[in-house]
Amino acid sequence: MQPSKIYLSSPHISQASQDYVQEAFDQNWVAPLGPNVNEFEKAIEDYLGNKRHVASLSSGTAALHLALVQLGVEQGDTVICQSFTFAASANPIVYQGATPVFIDSEPHTWNMCPVHLETALADLESKDRKPKAIVVVHLYGMPAQMDEITSVARKYGIPIIEDSAEALGSSYKGNKCGTLGDFSMLSFNGNKIITTSGGGALVCPSRALKAKTVFLATQARDNAPHYEHSQIGYNYRLSNISAGIGRGQMEVLDERVAARRAMNLFYQEQFKDVEGVSVFKEPNSNFYSNHWLSAILIDETKTNGVSREDLRNAFETENIESRPLWKPMHLQPVFKGSLFYGETVCEGLFQNGLCLPSGSNLTDKDRTRIASVIKRTFVG
Ligand SMILES: *Cc1c(COP(=O)(O)O)cnc(C)c1O
């Protein structure tokens, strides 16, 4: 019999979530509003600090979409986006009829390179295509080089949307990811560090912008006894049932971060004597990653020919999930022909990188299985 599957990142729920969901049923708050929605938002606001206002939504993708809408992104506009990311960072740009322009990563955080960003902004401005927004991502929980990116963005007067989908619990120079952009988004999809089964949030810089976000997310209904609409709305609010799961998850977030960071240390230990394999970690103490996913880079010229695919296949044989790093957006068929500023940093990461099982619910037995595959593959 095959041993049970070890996933990259699976939901890790506590009893508190079930209690809040039960409470919602008991009180008949089975709707996209209610006490769990309010308390979940408050818990995130308290956690993030920096006077942010949180609107919980049906997904992180919806949150990005509403950030773009509120920044006035329209048909024909240009929006900058990190190339090395999940497609959901870029798709909402296209929902608005705008065109994404992609930027390469730098090798220290794997996120947007501020030097290529500046080249792009100078070039686009000279072509009268000044971007309306910059979507920067903290991949795998690793904060991007925010000071450098923010200073370039300010110089050109362009707002930053921070895609913090993978980075709740991470921080940069002591400030939480999710508070570093003009707008920031969070995701609570099933595979993220905490989950509401599916959901997200837009983190807003003011109470007024939160109110605007909620207005747009609930079909943009004007204040009148009948249904009056003077602009296009969306149905993007989070359900009070899902928010109940999230409320319980916020109570264990610190534990989840600690467990993911411990998985990263586990991999550093496993690979410490393996020539040609490096575990992705913080470049210095300004960066604090939740290590949502632990990842490695394999330099095949130094591993006696063991490739990324060799390791991935060895894991698969043992029913252990691992996955190549994100395929850059400028190399995706759907974004073929898009403008790209950079070289081959993110392309190289895609070719040589692998994400490893990183869940906060992995057991000692799981770790033993993972370690034995690593040992067998690299030591023979
Ligand atoms: C998960 C994710 C999203 C999308 O969030 P959803 O809640 O699934 O819509 C966007 N960007 C990144 C980097 C993600 O990992």
Side-chain angles (χ1 to χ4, degrees), residues 7-11 32 40 44 54-69 79-96 100 102-103 105 109-112 133-144 146 149 160-170 177-178 180-181 183-203 213 217 234-239 242-243 245-246 249 260 280 289-295 323-330 332 334-335 346 349-350 353 355 358-359:
Y7 290 96
L8 218 51
S9 178
S10 72
F40 182 43
I44 302 169
V54 172
S56 55
L57 301 170
S58 52
S59 70
T61 310
L64 267 180
H65 190 192
L66 291 187
L68 293 166
V69 168
V79 174
I80 296 273
C81 186
Q82 184 166 319
S83 185
F84 190 52
T85 187
F86 176 46
S89 305
N91 285 338
I93 298 169
V94 180
Y95 301 167
Q96 284 306 97
F102 296 109
I103 309 290
S105 295
T109 73
W110 297 1
N111 294 307
M112 187 181 283
I134 299 167
V135 179
V136 66
V137 192
H138 310 300
L139 278 186
Y140 308 118
M142 185 65 70
M146 288 308 290
I149 290 167
I160 292 177
I161 303 174
E162 188 194 8
D163 178 340
S164 260
E166 302 178 0
L168 181 59
S170 301
C177 290
L180 308 172
F183 280 104
S184 306
M185 75 81 127
L186 301 171
S187 168
F188 311 113
N189 199 4
N191 59 347
K192 298 302 192 318
I193 191 151
I194 61 164
T195 184
T196 59
S197 73
L202 187 61
V203 185
T213 303
Y234 305 84
N235 183 4
Y236 279 172
R237 200 72 165 121
L238 186 69
S239 133
S242 303
I245 304 174
Q249 288 270 273
R260 300 250 179 185
F280 184 42
S289 173
N290 66 7
H291 287 300
W292 170 60
L293 292 186
S294 283
R323 191 182 298 150
L325 302 188
W326 298 121
K327 180 172 179 177
M329 289 305 115
H330 74 283
Q332 295 285 358
V334 73
F335 293 117
C346 63
L349 293 169
F350 170 59
C355 293
S358 305

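For reference, positions follow the sequence shown, starting with 1. Order of appearance sets the numbers: ligands from 1, and atoms from 1 within every ligand.
- The distance between the ring centers of Tyr234 and Tyr95 does not fall below 6.0 angstrom.
- Here the closest non-hydrogen pair linking His138 and Pro143 is ND1-CA, 3.4 Å.
- The shortest heavy-atom distance from Ser89 to ligand 1 is under 4.0 Å.
- Using a 4.0 Å cut-off to heavy atoms of Asn189, the atoms of ligand 1 that qualify are 8 (O).
- The ligand atoms of ligand 1 that sit less than 4.0 angstrom from a heavy atom of Ser187 are 1 (C), 5 (O), 6 (P), 7 (O), 8 (O).
- Of all protein heavy atoms, the one closest to atom 14 (C) of ligand 1 is Ala165 CB, 3.4 Å.
- Residues Trp326 and Phe86 bring their aromatic ring centres within 6.0 Å.
- Counting only heavy atoms of the protein, atom 2 (C) of ligand 1 lies nearest to Lys192 NZ, 3.0 Å.
- Any N or O atom pair closer than 3.5 Å counts here, and Thr85 shares no such pair with ligand 1.
- Atom CZ of Arg237 and atom OG1 of Thr213 lie 9.5 Å apart (nearest 0.5 Å).
- The nearest heavy-atom contact from the protein to atom 15 (O) of ligand 1 is Glu166 OE2, 2.5 Å.
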ask   = Which is it for Leu186 and Lys192 under the side chain to side chain contact (heavy atoms under 4.5 Å, CB included) test, yes or no, and what are the steps along the way?
value = CA-CA 10 Å; Leu186 301 171; Lys192 298 302 192 318; over 6 Å; no

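- When all heavy atoms are compared, the tightest approach of Phe280 to Leu139 is CE2-O, 4.4 Å.
- Contact annotation: for Thr61 versus ligand 1, heavy atoms closer than 4.0 Å belong to both the backbone and the side chain.
- If you look at Asn191 next to ligand 1, there are no close heavy atoms at all, none under 4.0 Å.
- Scanning for ring-ring contact (aromatic ring centres under 6.0 Å, His included) contacts around Tyr7 gives an empty result, with sequence neighbours left out.
- Between Trp326 and ligand 1, not a single N/O pair is under 3.5 Å apart.
- Checked options Gln332, Lys327, His330; the residue passing with Ser83 is His330 (criterion: side-chain hydrogen bond (donor to acceptor under 3.5 Å, both in side chains)).
- For atom 11 (N) of ligand 1, the closest non-hydrogen atom of the protein is Asp163 OD2, 2.7 Å.
- Under 4.0 Å from ligand 1, heavy atoms of Ser59 appear from its side chain as well as its backbone.
- For ligand 1, the atoms sitting less than 4.0 Å from at least one non-hydrogen atom of Ala88 are 3 (C), 4 (C), 10 (C), numbered in the order shown with element in parentheses.
- Annotation: side chain to side chain donor-acceptor pair (under 3.5 Å) contacts of Tyr140 (sequence neighbours excluded): none.
- With a 4.0 Å heavy-atom cut-off, ligand 1 is reached by no atom of Leu64.
- Close contacts between ligand 1 and Val137 involve ligand atoms 13 (C) [criterion: under 4.0 Å to a heavy atom].
- Listed here is the closest heavy atom pair of Thr196 and Ile245: O-CD1, 3.8 Å.
- Between Gly199, Ser58, Gly60, it is Gly60 that holds the heavy atom closest to atom 6 (P) of ligand 1.
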